[in-house]
J.: 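Could you have a look at this structure, given as structure tokens, before my questions?
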Protein chains: 4
Amino acid sequence: MFRLDKNSTYMMPAHFGGGAFDPTYKATMQAVLLNMAFETDRAALEQYIPEELELLSPEVQISLNQLTEINWLSGGHYNLVGVSSPVRFNGKKDHVDASYPLVMWENQTAPILTGREQTGVPKIFADIENLHILKPYYASSVSYEGNTFLTMNFEAGGEITGKDFERVKSQMKVLDLIGWRFIPKVGAPGADLSQFIYFPQWMEVREAWTGTGTFRWTELTPMQNPRQYHIISALASLPVKKMTRAILAEGEVVIDTLHSRVLE
Amino acid sequence: MFRLDKNSTYMMPAHFGGGAFDPTYKATMQAVLLNMAFETDRAALEQYIPEELELLSPEVQISLNQLTEINWLSGGHYNLVGVSSPVRFNGKKDHVDASYPLVMWENQTAPILTGREQTGVPKIFADIENLHILKPYYASSVSYEGNTFLTMNFEAGGEITGKDFERVKSQMKVLDLIGWRFIPKVGAPGADLSQFIYFPQWMEVREAWTGTGTFRWTELTPMQNPRQYHIISALASLPVKKMTRAILAEGEVVIDTLHSRVLE
Amino acid sequence: MFRLDKNSTYMMPAHFGGGAFDPTYKATMQAVLLNMAFETDRAALEQYIPEELELLSPEVQISLNQLTEINWLSGGHYNLVGVSSPVRFNGKKDHVDASYPLVMWENQTAPILTGREQTGVPKIFADIENLHILKPYYASSVSYEGNTFLTMNFEAGGEITGKDFERVKSQMKVLDLIGWRFIPKVGAPGADLSQFIYFPQWMEVREAWTGTGTFRWTELTPMQNPRQYHIISALASLPVKKMTRAILAEGEVVIDTLHSRVLE
Amino acid sequence: MFRLDKNSTYMMPAHFGGGAFDPTYKATMQAVLLNMAFETDRAALEQYIPEELELLSPEVQISLNQLTEINWLSGGHYNLVGVSSPVRFNGKKDHVDASYPLVMWENQTAPILTGREQTGVPKIFADIENLHILKPYYASSVSYEGNTFLTMNFEAGGEITGKDFERVKSQMKVLDLIGWRFIPKVGAPGADLSQFIYFPQWMEVREAWTGTGTFRWTELTPMQNPRQYHIISALASLPVKKMTRAILAEGEVVIDTLHSRVLE
């Protein structure tokens, strides 16, 4: 009969065996990152920030990441689109500033499962088209079962160099997240697990470009996207007061999953 | 700020709102089911049965389900391939017989998430081709990122009628599962949740056919399927002593998610 | 060395061998058909009708076909969305009434190639979602690389019975097409082949339902759909004066490819 | 009514308009190329070489191309796997050496249509996974409706430099093809068009690596791949006497479509 090994980590199905827990392990991957940010209305945004967190500024980031050469997927690749805001966790013990992912769409299920179950990042599925590139134009569309709900466009300006580049590199050295891991009760409302989890990651930027970024949400009906339409409508309802950032960057992303920890 | 409502159920991301917990709710869907079973070696199979369970017979079922008109997906559709064995849970309170899903591949992420997080069914992703039907031949292939790992073929014999049909209908009235919900600790080996969950479901069969079923596993390398290759190898290593069943059935599947409960 | 056999039919690549030409052969398949029609402006529509044809009425049909058990694909399946108008070919010899397909989107390449090269049906690729069915509601979306350009919705009314059903069955007995096979010159403007081809097909209807149908075009940019955006814009520009038909039908489609012939 | 413009080029559907014929136009794209070659048995290979051509050497090349930033697709991307042999066309007027594509699989329909109809390259559809890269290992799988039929693996050795690199660059300056454009008669065996077409293309190599390449064909049944199984079986039957080449290269591919011409 199958018995868990105390020194191993497991994901469902556990009974086919787990992996040795190795605290020096880091997930690494090559990334093309298209990142946009805008200022929104604080009250509108705070509707979606749990009361355990403090919203540091009414800013929303939308990031498309095209990931390749992923070590923990034996060289595989996938794309993600994350939407996040800067928050502070003020707990009994922990006082931590990080990005709070409101939602993260990914076009592959394996990282959705690890993200949700290990670190509480609210990942869900979407088709995310690889960037179409007709320099200086970049475009991608995000859809669910044939229903487009987000388009992102970028017109590259110049390459970022000198002190500006040093500043970008330094900003990207800390891309930590705070996930809210929520596992429901069985056959009843409420949670069996509800925890805030700190999750360190960063990007070693090799090259970056400024530019002009635009994005557009399209709201969907329940028949088009039964499990996500309310998320898309919520995000589409956030007013864009000012675009504050649009950047394209290439480099290596490092995720230090095993140094994630439950915040208290 | 967002606050959980005590009468609602949530999935991540919780902060966009949950749904009212309704204990009368049932998931319903139309199904075309191709089900095969074989007798295997008890010791080989027991390697993958957790010690909390008792293997009732050394039988493995492989079921392809083509699901449409799914009410909880607003009419959407997906396919699954489940591999399971009959077990008994002998707990302090509960003594329950049901199928234990060793693994369940699905070609859509949304039901993978609910299955894993709500009821501990070890669902993972695969591409599952809709049945190709050139009567009396039926065929499907299951693959991961272009790598076939399971093919299923069925040659239909006659329609099942009379007393045989009543027996099939009655067998399909109880397709209960026991899932093992395992949520890992953060930044350490071991589990934050490890529970066995009873999960009632059944099928109202409208029509069924006997026939000859065959299946074939193809083992994959870690570069072809980094997160699942060990599962496929384990299943491929189970000897097929005797095919004990091959059936094609059409009908309605009902999943009584909200009457699932943690076994003790 | 490879030599063509004079009694065989070939498609590229020809050098791996063709098939015996069999004039009794018919393509057959099971179909779920969602068909809508509307009256439009004659002058607007005639822009897209070649001058060799006469537009019989300013009507546009939009048909979604979900095809399974396709004999010439060994039991495979695919979906199509066709847009067509009723025309007459008045040639030196031939005087034929049929539907003229303005465009036909299909979600599989194999029938696109046979349709274009054998019978001049202007087939191009799109992702076409299987119908989502939450009775009485039916919905599908058609997209290209994540960019939705057509949504179709249908709310079923009653089943069609009696004389009405006989009329529907009889209408569906003739669904002939006239394709315009156009093969360009190499390295120069103009055509190496430009022919109108008559192509008989029909549907043996088993069941049909009336209902209310709606559709919506979304225009795309060249970066979203570089080879088709002008087609979508042309169709989106056709005014809908009146919806004249919305029907759902199930049955068998028969395509008599080998009795297709060049019109003169 | 629609009328063809004499200075424009068209593809089906022609009636929505064509493009100005511009003889200075070139298709350009970024490419990652994995190219392998092997020596085979001359008689075995000549079965698939039309008698109008002369096989220059019993060599087969298998090339995976991952194409991005494609100008004629407004920045889109797709993958192809081509299988070809070196041939000479000895016509009344033309004496041309080039590669003869036995088959070219592509994972996008638009270039399949242009390739077949404009230049007779025998393109057909397959799913072609982007390279999985776990340096120095590269892998891809090619499949049809979930059925793997070709896997390619490469273990990179050193970067090619100096004179060797100049030689590679120079080899890649001429990658011309000869296609056999074959358009069948309607409703009868035989061809309405059967032409050999010369088609110039090349690659401006930026970087290249030697390495060890392997590939493996898996034969499929008609139910798994009804329109291509015979092609796969033919290629799988070619003996690999000696691997003669395995190279990975990055650079720009240029296709001079408009200087393609019919060989006589």
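Letters go in sequence order (proteins before strands), and every chain restarts at 1.
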J.: Please report the closest heavy-atom contact between B/Glu59 and B/Leu45, naming both atoms and the distance.
T.: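 Nearest pair, atom of B/Glu59 first, then B/Leu45: O-CD2, 3.9 Å.
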J.: With a 4.5 angstrom heavy-atom cut-off, is it the side chain or the backbone of A/Gln47 that approaches chain B, or both, or neither?
T.: backbone
J.: Mind checking the CD-CG spacing from B/Glu52 to A/Leu4? Nearest 0.5 Å is all I need.
T.: 7.5 Å
J.: What are the two closest non-hydrogen atoms of A/Trp217 and A/Ile232, and how far apart are they?
T.: CE3-CG2, 4.3 Å
J.: Does any heavy atom of chain A fall under 4.5 Å from the side chain of B/Ser260, the backbone, both, or neither of them?
T.: both
J.: Looking only at non-hydrogen atoms, find the nearest pair between B/Ser237 and B/Tyr48 and report the distance.
T.: OG-OH, 4.2 Å
J.: How far apart are the C-alpha atoms of B/Trp72 and B/Ile255, what are their side-chain angles, what is the distance that settles it, and do they pass the side-chain contact (heavy atoms from CB on, under 4.5 Å) test?
T.: CA-CA 11 Å; B/Trp72 71 277; B/Ile255 305 182; 5.8 Å; no
J.: Report the option among B/Val262, B/Thr221, B/Leu235, B/Leu102 that has the most heavy-atom pairs separated by less than 4.5 Å from atoms of chain A.
T.: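 That would be B/Leu102.
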J.: So which part of B/Ile49 gets closer than 4.5 Å to some heavy atom of chain A, the side chain, the backbone, both or neither?
T.: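 Backbone plus side chain of B/Ile49, per the 4.5 Å heavy-atom cut-off to chain A.
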J.: Checking A/Asn79 against A/Asn130 for the side-chain contact (heavy atoms from CB on, under 4.5 Å) test, could you report, in this order, the C-alpha distance in whole Å, the side-chain angles of both residues, the deciding distance, and whether it holds?
T.: CA-CA 7 Å; A/Asn79 298 340; A/Asn130 270 6; 2.8 Å; yes
J.: Looking at chain B, which one of A/Leu55, A/Asp5, A/Leu73 has the largest number of heavy-atom pairs inside 4.5 Å, strictly under?
T.: A/Leu73
J.: Measure the acute angle between the ring planes of A/His15 and A/Phe2, then classify it against the limits of 30° and 60° as parallel, tilted or perpendicular.
T.: perpendicular
J.: I need the contact set between residues 176-201 of chain B and chain A: heavy-atom distance under 4.5 Å, sorted by residue number.
T.: B/Trp180, B/Arg181, B/Phe182, B/Ile183, B/Pro184, B/Val186, B/Gly187, B/Ala188, B/Pro189, B/Gly190, B/Asp192, B/Leu193, B/Gln195, B/Ile197
J.: Residues of residues 87-101 of chain A under 4.5 Å from chain B (heavy atom pairs)?
T.: A/Tyr100, A/Pro101
J.: Can you tell me how far CZ of B/Arg42 sits from OG of B/Ser57, rounded to the nearest 0.5 angstrom?
T.: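 Going from OG on B/Ser57 over to CZ on B/Arg42, the span is 7.0 Å.
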J.: Under 4.5 Å, heavy atom to heavy atom, which residues of residues 105-128 of chain B contact chain A?
T.: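 The stretch touches chain A at B/Gln108, B/Thr109, B/Ala110, B/Ile112, B/Leu113, B/Thr114, B/Arg116, B/Glu117, B/Gln118, B/Gly120, B/Pro122, B/Lys123, B/Ile124, B/Phe125.
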J.: Do A/Leu150 and A/Val81 come within less than 4.5 Å of each other through their side chains, counting heavy atoms only?
T.: yes
J.: Using non-hydrogen atoms and a limit below 4.5 Å, what part of residues 64-71 of chain B faces chain A?
T.: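 Expected list: none.
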J.: Do you know which of B/Met12, B/Lys6, B/Glu46, B/Glu145 has the most heavy-atom pairs under 4.5 Å to chain A?
T.: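 Highest number of pairs under 4.5 Å: B/Met12.
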J.: For the rings on A/Tyr229 and A/Phe149, is their centre-to-centre separation under 6.0 Å?
T.: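 Judged by ring-centre distance (under 6.0 Å), A/Tyr229 and A/Phe149 do not meet the cut-off.
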J.: Work out which heavy atom in B/Tyr10 is nearest to a heavy atom in B/Ala14; give both atom names and the distance.
T.: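 Shortest heavy-atom contact: CD2-O, 3.5 Å.
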J.: When you compare the side chains of B/Glu219 and B/Ser233, does any donor N or O come within less than 3.5 Å of an acceptor on the partner?
T.: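 A pair is found: one side chain offers a donor N or O, the other an acceptor, under 3.5 Å apart.
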J.: Which answer fits B/Gln228, side chain, backbone, both or neither, if we ask what part of it has an atom under 4.5 Å from a heavy atom of chain A?
T.: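 Neither part.
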J.: Quick check on A/Phe16 against chain B: is it the side chain, the backbone, both or neither that has a heavy atom closer than 4.5 Å?
T.: both
J.: Quick check for you: to the nearest 0.5 Å, what is the distance between B/Phe21 atom CZ and B/Thr9 atom OG1?
T.: 7.5 Å
J.: Go through the atoms of B/Tyr144 and report whether side chain, backbone, both or neither lie under 4.5 Å from a heavy atom of chain A.
T.: side chain
J.: So which part of B/Leu53 gets closer than 4.5 Å to some heavy atom of chain A, the side chain, the backbone, both or neither?
T.: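 The backbone, not the side chain.
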J.: Hey, are the side chains of A/Ser84 and A/Val60 touching, using non-hydrogen atoms and a 4.5 Å cut-off?
T.: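 No, side chains not in contact.
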J.: Looking at chain B, which one of A/Met104, A/Glu51, A/Arg261 has the largest number of heavy-atom pairs inside 4.5 Å, strictly under?
T.: A/Glu51
J.: B/Met11 vs A/Arg227, test: side-chain contact (heavy atoms from CB on, under 4.5 Å). Steps then yes/no.
T.: CA-CA 10 Å; B/Met11 296 275 294; A/Arg227 308 284 293 178; 4.0 Å; yes
J.: Which distance, rounded to the nearest 0.5 Å, do you find between the CD of A/Glu252 and the CH2 of A/Trp202?
T.: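 If we round to the nearest 0.5 Å, A/Glu252:CD and A/Trp202:CH2 are 10.0 Å apart.
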J.: Within this structure, what is the OG-CG distance for the pair A/Ser8 and A/Asp22, rounded to the nearest 0.5 Å?
T.: 11.5 Å
